[in-house]
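See structure below.
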Amino acid sequence: QVRLVESGGGLVQAGGSLRLSCTPSGRTFSTHTMGWFRQRQGKEREFVAAISWSGDSTYYADSMKGRFTISRDNTKNTIHLQMNSLKPEDTAIYYCAAHLRPYYSLSVDTIDDYDYWGQGTQVTVSS
């Protein structure tokens, strides 16, 4: 069974940092773009960041640029999202996702680009 397991969420004060991790099990996604999305309460799931299969290219939603950094270690089959300067509006459930096509990164910022999803990890930023 293929699973994506997120970890690293929690409660942090505004201005603080958290590092999320995503570890696939059941298969490797070293040939796939990986993404992070989030869903705030009462809102639709939205794109946060993505990283190409090689790690050479990264993509961010405008509101995350300069604050969030996505990275991957294919030797450890792990993807990370470093989140700095967190704001209360970053409070959400954060989801890891694997792109449905290998070696492809022309479209990475929509839900339909991904076919494997984790269960999510809660991030709460207090003011």
Transitive ILVMFWY side-chain link [X] to [Y], under 4.5 Å:
X      : Y      : answer
Tyr94  : Val12  : yes
Leu20  : Val125 : yes
Tyr104 : Met34  : no
Ile93  : Phe68  : no
Val5   : Ile51  : no

Query raised in the report: Within a strict 4.5 Å, meaning less than it, do heavy atoms of the Gln82 and Ser17 side chains meet?
Result: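 A side-chain contact under 4.5 Å exists here.
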Of all the heavy-atom pairs spanning [X] and [Y], show the shortest one and how long it is.
X     : Y      : answer
Ala98 : Leu4   : N-CD1, 3.7 Å
Arg72 : Thr33  : NH1-CA, 4.1 Å
Ile70 : Tyr60  : N-OH, 2.9 Å
Ala14 : Ser127 : CB-CA, 4.3 Å
Ala50 : Tyr114 : CB-OH, 3.6 Å
Ser30 : Asn74  : O-ND2, 3.6 Å

Requested in this report: Kindly say whether Thr124 contributes a backbone atom to a donor-acceptor pair with the side chain of Thr91 at under 3.5 angstrom?
Outcome: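 Not at all, since once roles are kept as given, no pair shorter than 3.5 Å links the two residues.
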Query raised in the report: Ignoring hydrogens and geometry, is there a side-chain-to-backbone donor-acceptor pair from His32 to Ser52 under 3.5 Å?
Result: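 Not confirmed, His32 side chain does not pair with Ser52 backbone.
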Query - Test of ring centre spacing under 6.0 Å for Phe37 and Trp117 - result: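 Yes: the rings meet the under 6.0 Å criterion.
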Report task. Could you tell me whether Phe47 and Tyr59 have their ring centroids closer than 6.0 angstrom? Result ->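 For Phe47 and Tyr59, the ring centres are not under 6.0 Å apart.
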Report task. Check the surroundings of atom CD in Gln39: do more than 12 heavy atoms from other residues, nucleotides or ligands lie under 6.0 Å from it? Result ->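 Yes - once you tally the heavy atoms of other residues, nucleotides and ligands closer than 6.0 Å, there are more than 12.
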Report task. List the steps, then state whether side-chain contact (heavy atoms from CB on, under 4.5 Å) holds for Tyr95 with Val48. Result -> CA-CA 9 Å; Tyr95 298 89; Val48 173; over 6 Å; no
Requested in this report: Return each pair, listed once, that meets salt bridge (charged side-chain N to carboxylate O under 4.0 Å, His left out) where at least one residue sits in residues 94-110; pairs must be two or more places apart or across chains.
Outcome: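 Of all non-adjacent pairs touching residues 94-110, none passes salt bridge (charged side-chain N to carboxylate O under 4.0 Å, His left out).
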Query - Where at least one partner belongs to residues 32-45, residue pairs that pass salt bridge (charged side-chain N to carboxylate O under 4.0 Å, His left out), sequence neighbours excluded - result: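 As it turns out, the salt bridge (charged side-chain N to carboxylate O under 4.0 Å, His left out) pairs with a partner in residues 32-45, which skip direct neighbours, are Arg38-Glu46, Arg38-Asp90, Arg40-Glu46.
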Query raised in the report: Between Thr75 and Asp73, do the side chains contain an N or O donor and an N or O acceptor separated by less than 3.5 Å?
Result: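 The criterion, which ignores hydrogens and geometry beyond distance, is satisfied for Asp73 and Thr75.
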Query raised in the report: Just checking, is any N or O donor in the side chain of Ser71 or His80 under 3.5 Å from an acceptor N or O on the other one?
Result: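 Judged by distance alone, the side chains do not pair up.
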**Report entry** Straight-line distance of Ser85 OG to Arg67 CZ, nearest 0.5 Å
**Finding:**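 These two atoms lie 7.0 Å from each other.
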Query raised in the report: How many angstroms lie between atom OG1 of Thr69 and atom CZ of Arg19, to the nearest 0.5 angstrom?
Result: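 If I round to the nearest 0.5 Å, the distance is 10.5 Å.
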Query raised in the report: Does the side-chain contact (heavy atoms from CB on, under 4.5 Å) test come out yes or no for Trp36 and Glu6, once each step is laid out?
Result: CA-CA 10 Å; Trp36 286 96; Glu6 303 96 337; 3.8 Å; yes
Query raised in the report: What residues form a side chain to side chain contact (heavy atoms under 4.5 Å, CB included) with Thr23, not counting sequence neighbours?
Result: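 Thr23: side chain to side chain contact (heavy atoms under 4.5 Å, CB included) contacts with Thr78.
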